Amino acid sequence: MAIPSLRRALILAAAAALPLSQLVAGQTIQTEDGVVLEANEKTVAPAVEVVAESDAPEALILTDDVIANLTDLNLSNITFFAFPEEDGTSEIQKRTLFGSNGCKTAPGDFLWPNRLTWKVFDLLTGGALIETVPIGAVCYPNSGVYNAAKCQQVLANWTSSDLHSADPTSIMSPMFQGETCMPQNGNSSTCTVGGFPVYAVKATNVAQIQLAVNFARNLNLRLVVKNTGHDFLGKSTGYGALSIWTHNLKKLEYIKSIKTPSYSGPAFKIGAGIQVKELYAAAKKYGVTAIGGDCHDVGVAGGFTAGGGHSPMSSIAGLGSDQVLSIDVVLPNGRFVTADETRNTDLFWALRGGGGATFGVVTGMTVKVWPKTNVSGMTFTVVSGNDTALPNDVFWEGMYAYWRRFPEYAKVGTQGYSQIFPSGTGGFIFLMVPFWVPGMSLSSFKSLVQPLLDEWTKIGFNAGFVPGVGEPKFFEYDNYYDAWIANFPAEAVGTTAIRTASRLFPAKNWEDEETLQGMMNNVRDVVEDGSALIQYNFQVKAPAGTPDSAANTHWRDALWFGIFGRSWDPTLPKQEVEAVNRKITEDWMGRLRVYGPGAYLNEGDVMEPGFGEAYFGENYERLRKIKKEVDPTGLFWAPTAVGSEEWEVEGQESWLVLQTGRLCRRAAC
Ligand SMILES: Cc1cc2nc3c(=O)[nH]c(=O)nc-3n(C[C@H](O)[C@H](O)[C@H](O)COP(=O)(O)OP(=O)(O)OC[C@H]3O[C@@H](n4cnc5c(N)ncnc54)[C@H](O)[C@@H]3O)c2cc1C
Ligand SMILES: *[C@@H]1O[C@H](CO)[C@@H](O)[C@H](O)[C@H]1NC(C)=O
Ligand SMILES: *[C@@H]1O[C@H](CO)[C@@H](O)[C@H](O)[C@H]1NC(C)=O
Ligand SMILES: *[C@@H]1O[C@H](CO)[C@@H](O)[C@H](O)[C@H]1NC(C)=O
Ligand SMILES: *[C@@H]1O[C@H](CO)[C@@H](O)[C@H](O)[C@H]1NC(C)=O
Ligand SMILES: *[C@@H]1O[C@H](CO)[C@@H](O)[C@H](O)[C@H]1NC(C)=O
Ligand SMILES: *[C@@H]1O[C@H](CO)[C@@H](O)[C@H](O)[C@H]1NC(C)=O
Ligand SMILES: *[C@@H]1O[C@H](CO)[C@@H](O)[C@H](O)[C@H]1NC(C)=O
């Protein structure tokens, strides 16, 4: 649709249905020639279209009619906020792309928006624009925002995910923003914005997201999307970027019965900001079981579902993305659409497993739920090593006995979730946290695991159960929420100097003894060489009738998902840090890739070679095609996202890409 003449006009998408007079009261706008004007109905025109009588975020959207009603104000360039012309771009975008040397426009560039333009953008979004003050700035005496009491709070809560999800730009793997302005260093360094975005839009309605998308596309700005900031690969931050912060889109609605071509039954409609613990609590309230991750604070409709999403229900319900019935999304062209089984079907396919920050900004989705279910299981803690009653060789014998049984366990719906860490004294700590089965009685669960426990008794593995606290503890609950809350404590985050990678090991590895031995031996070698192992035993098949999706095809035949990785001493010289990082990607993953070519994009290696095949499997080529159609100019970008190979972050090591540099198109070769 062609856009009417927009020159020198100004759009307003007033937030939250506030009267404009209230919205702009006391605000001023400074023009480029220095004139200060009062912001009022004359200088900022109300132009939001109310499409529904409701408090839903999608009640406020930006449309052509809104733009057609613009007031000519002579203040700034309305094209900054406009939808693209028929050819997919706009005059302003052509100009900014031409002047950019193939890079996104960054602070300090001639074409970087001036203060007035940011101010106008802020007013249009109803005051939702936040200029980044890094979360640690309150600990820096010269930052201008120093506050000893707040600093103590940030320090005290640093490993709590709540602290970071509630901040517009903080992320939980700070390495990727360059560990700038870390609160712990307040007395010994200076605070810079580093790899954080420069501004964030605190989104509470769809129109704000549309404005931000149009603004970033038209002005060739780097755009990132942050929900909670859990991402392990640095996907929710970026130097010189405008960020769209979706955490506050908290609407949640229970739908007693919904009918789609493939599903009929209860569902939830959830806003993009809903977190696992909120969805699970609502499911308990309505007597159903909802699908989210293990941890409390991960964003369900954000990166989790976009990337697939495994859960303690996976062996029964499949991936998080298998639950989706419809998705509301703001596309790279600024338009707001719904994708489901009958509308925008390519997008519906791609948004379920094709990765976050790639095809647009999801504002909400409808997900199916499962019946209320009993959950049985057990936990235990084993310690091995010369200083314990369990020698390491017996530890590994016991571990092999467990691994061998993975096909049998996954088949009956279990999630075996455990962790192995080096003990620090040459042995290992093995935490079962927990091994469980939804829908199975405790007595059946005990029968299921008895042969393993018997074998462990026989070989002497039991000597490793930590006396008094570590012996197997069995449980049974009559609903998922109570079982989950008792077994999954809130996650600890914020660690620096740590890298992870992962592998999905397929069922066929268990069909051949030599392959099985090779896989187990190599996993053992990698752990003995210093890797931690967070491992899941489950099957992740799409339930019957699930519409085809872009979720990694490697999930579907996997029985074992392993997250590997290690931390290092941040004071190590750079060559040693390089050696550690190369070891993870090249040596450890090199050995294991042979047995598991696939990996999980949400819990993977930012340096995974051939990430397209590893993270998307057979779906990668189709995903790339859809990406090119939906986002022809590359507005959305994140490391290892679909199409990301066409761009690079400047100034990075060959062994580790952080988000601390300018984003540029890779030179065509
Ligand atoms: C402690 C911890 C526990 C975890 N447990 C699990 C688990 O049990 N199961 C599992 O599958 N994964 C798990 N993960 C991985 C998790 O799924 C990913 O980190 C996921 O990306 C988090 O999504 P988010 O939206 O909360 O985080 P963010 O870091 O805010 O976003 C992640 C990515 O999604 C994009 N994104 C976010 N919201 C939107 C949106 N509305 N529209 C478009 N793009 C968006 C971001 O741009 C970014 O690329 C865990 C991670 C951590 C740190
Ligand atoms: C556009 O302006 C007309 C006339 O003032 C008004 O009736 C209409 O509601 C406006 N439309 C939008 C979408 O703001
Ligand atoms: C905008 O500029 C034009 C021409 O300079 C002028 O006629 C018009 O009054 C101005 N509009 C406003 C709202 O100031
Ligand atoms: C914005 O508008 C001003 C004044 O009309 C004009 O001089 C300038 O070239 C425009 N800038 C862009 C990037 O279009
Ligand atoms: C943060 O720390 C303060 C004490 O300094 C505590 O009262 C508060 O509960 C903590 N918040 C979180 C989210 O952990
Ligand atoms: C900085 O030093 C002051 C005074 O010694 C101390 O109270 C404060 O906790 C220190 N800040 C940090 C971030 O370590
Ligand atoms: C453990 O004991 C064995 C045999 O005595 C020895 O070879 C090995 O070095 C010891 N390992 C550690 C970490 O102490
Ligand atoms: C479900 O669990 C409860 C204990 O929480 C138990 O009393 C009940 O018998 C279980 N039901 C089934 C069908 O196993």
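One-based numbering, in listed order, for ligands and for the atoms of each. Values in this document were obtained by computation on a predicted structure and should not be read as measured data. These values consider heavy atoms only, across backbone and side chains, with no hydrogens, waters or symmetry-generated copies.
- Neither side chain, Glu646 nor Trp637, offers a donor N or O lying under 3.5 Å from an acceptor on the other.
- From Ile274, atom CD1 reaches atom OG1 of Thr228 across 12.5 Å, with rounding to the nearest 0.5 Å.
- With ligand atoms numbered from 1 in the order given, ligand 8 contributes 14 (O) to contacts under 4.0 Å with heavy atoms of Ser441.
- Checked by atom type and distance alone, the side chain of Thr305 pairs as donor or acceptor with a backbone atom of Val300 at under 3.5 Å.
- In terms of polar-atom proximity, defined here as any N/O pair under 3.5 Å, Ser236 does make such a contact with ligand 1.
- Of the N and O atoms on the side chains of Thr246 and Asn227, at least one donor lies less than 3.5 Å from an acceptor on the other residue.
- Under 4.0 Å is where a charged nitrogen must lie from a carboxylate oxygen, and between Arg624 and Glu645 at least one such pair does.
- Residue contact annotation: Val224 has no non-hydrogen atom under 4.0 Å from ligand 1.
- For ligand 1, the polar-atom distance check finds no N/O of Val493 at less than 3.5 Å from any of the ligand's N/O atoms.
- Of all protein heavy atoms, the one lying nearest to atom 43 (C) of ligand 1 is Gly360 O, 3.3 Å.
- Using modelled atom types, one side-chain atom of Gln208 and one backbone atom of Asn205 make a donor-acceptor pair closer than 3.5 Å.
- Nearest protein heavy-atom contact of atom 3 (C) of ligand 1 is Cys295 SG, 3.2 Å.
- In terms of polar-atom proximity, defined here as any N/O pair under 3.5 Å, Gly303 does make such a contact with ligand 1.
- At a 4.0 Å heavy-atom cut-off, ligand 1 touches His310 through backbone and side chain alike.
- The distance from ligand 1 to the heavy atoms of Asp231 drops below 4.0 Å at these ligand atoms: 19 (O), 21 (O), 29 (O), 32 (C).
- Given atom 5 (O) of ligand 8, the protein heavy atom at minimum distance is Asp478 N, 3.4 Å.
- When only modelled atom types and interatomic distance are considered, Ser418 and Gln535 share a side-chain donor-acceptor pair under 3.5 Å.
- For a threshold of 3.5 Å applied to N or O pairs, the pair formed by Val361 and ligand 1 contains no separation below that value.
- Within the set Ala641, Gly302, Pro639, Gly364, the minimum heavy-atom distance to atom 38 (N) of ligand 1 is found for Gly302.
- The shortest N/O to N/O separation between Tyr600 and ligand 1 falls below 3.5 Å.
- Interface atoms of ligand 1 facing Phe232, defined by a heavy-atom separation under 4.0 Å, are 51 (C), 52 (C), 53 (C).
- Checked by atom type, the side-chain pair Thr192/Thr180 shows a donor-acceptor distance below 3.5 Å.
- Heavy-atom proximity to Asp294, at under 4.0 Å, picks out these atoms of ligand 1: 7 (C), 8 (O).
- Of all the atoms in ligand 1, the ones that sit under 4.0 Å from a non-hydrogen atom of Glu491 are 1 (C).
- For atom 17 (O) of ligand 1, the closest non-hydrogen atom on the protein side is Asn602 ND2, 3.4 Å.
- Protein heavy atoms are absent from the 4.0 Å sphere centred on atom 9 (O) of ligand 8.
- The shell of residues lying under 4.0 angstrom from ligand 1, judged by heavy atoms, includes Gly309.
- Between Phe435 and Tyr409, a ring centre-to-centre spacing shorter than 6.0 Å is recorded.
- With respect to atom 49 (O) of ligand 1, the closest heavy atom belonging to the protein is Lys235 CB, 3.1 Å.
- Inclusion of Val298 in the set of residues having an N or O under 3.5 Å from an N or O of ligand 1 is not warranted.
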Determine whether Gln275 and Lys250 satisfy the following criterion, side-chain hydrogen bond (donor to acceptor under 3.5 Å, both in side chains), listing intermediate values before the conclusion.
CA-CA 9 Å; Gln275 290 167 280; Lys250 288 288 191 190; 2.9 Å; yes
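- Checked against a 3.5 angstrom limit, the closest N/O atoms of Gln184 and ligand 6 fall outside it.
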Decide yes or no on salt bridge (Lys or Arg N to Asp or Glu O under 4.0 Å) for Asp328 and Lys269, but give the supporting numbers first.
CA-CA 10 Å; Asp328 298 331; Lys269 168 123 204 226; 2.9 Å; yes
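- Looking only at protein heavy atoms, the nearest one to atom 14 (O) of ligand 6 is Asn187 ND2, 3.8 Å.
- Side-chain N/O atoms of Asn487 and Tyr417 include no donor and acceptor closer than 3.5 Å.
- Between Tyr600 and Trp555, the ring center distance clears the sub-6.0 Å criterion.
- Shortest contact from atom 7 (O) of ligand 8 to any protein heavy atom: Glu476 OE1, 5.0 Å.
- Between atom 46 (C) of ligand 1 and the options Val300, Leu223, Val225, the minimum heavy-atom separation is to Val225.
- Only the backbone of Pro183 comes within 4.0 Å of ligand 6, judged by heavy-atom distances.
- The six-membered or imidazole ring of Trp436 lies away from that of Phe445, with a centre-to-centre distance of 6.0 Å or more.
- Where the criterion is an N or O separation shorter than 3.5 Å, residue side chain and backbone included, Ala272 fails it with respect to ligand 1.
- In this model, no donor atom of one side chain and acceptor atom of the other lie less than 3.5 Å apart for Ser170 and Gln177.
- Put simply, no part of Ala306 is less than 4.0 Å from ligand 1, judged by heavy atoms.
- Side chain of Asn185 to main chain of Ser188: no donor-acceptor pair is present (N/O by atom type, distance under 3.5 Å, no hydrogens or angles).
- Residue Ala357 has at least one nitrogen or oxygen atom sitting less than 3.5 Å from a nitrogen or oxygen atom of ligand 1, judged on distance alone.
- If you take NZ on Lys104 and CH2 on Trp647, they are separated by 4.0 Å, rounding to the nearest 0.5 Å.
- Using a 30° and 60° split on the angle between ring planes, Tyr615 and Phe611 fall in the tilted class, from 30° to 60°.
- Per-atom contact check: atom 2 (O) of ligand 8 touches the protein, criterion being a heavy-atom distance below 4.0 Å.
- Assignment of Met172 to the shell around ligand 1 is not supported, since no heavy atom sits closer than 4.0 Å.
- In terms of protein heavy-atom proximity, atom 13 (C) of ligand 8 is closest to Asn374 ND2, 4.3 Å.
- Put simply, OG1 on Thr496 and CD on Gln184 are 7.5 Å apart, with the number rounded to the nearest 0.5 Å.
- Between Tyr536 and ligand 1, not a single N/O pair is under 3.5 Å apart.
- Considering both main-chain and side-chain atoms, Glu603 comes within under 3.5 Å of ligand 1 through a nitrogen or oxygen pair.
- Contact atoms of ligand 1 toward Gly229: 27 (O), 28 (P), 29 (O), 30 (O) (distance under 4.0 Å to a heavy atom of the residue).
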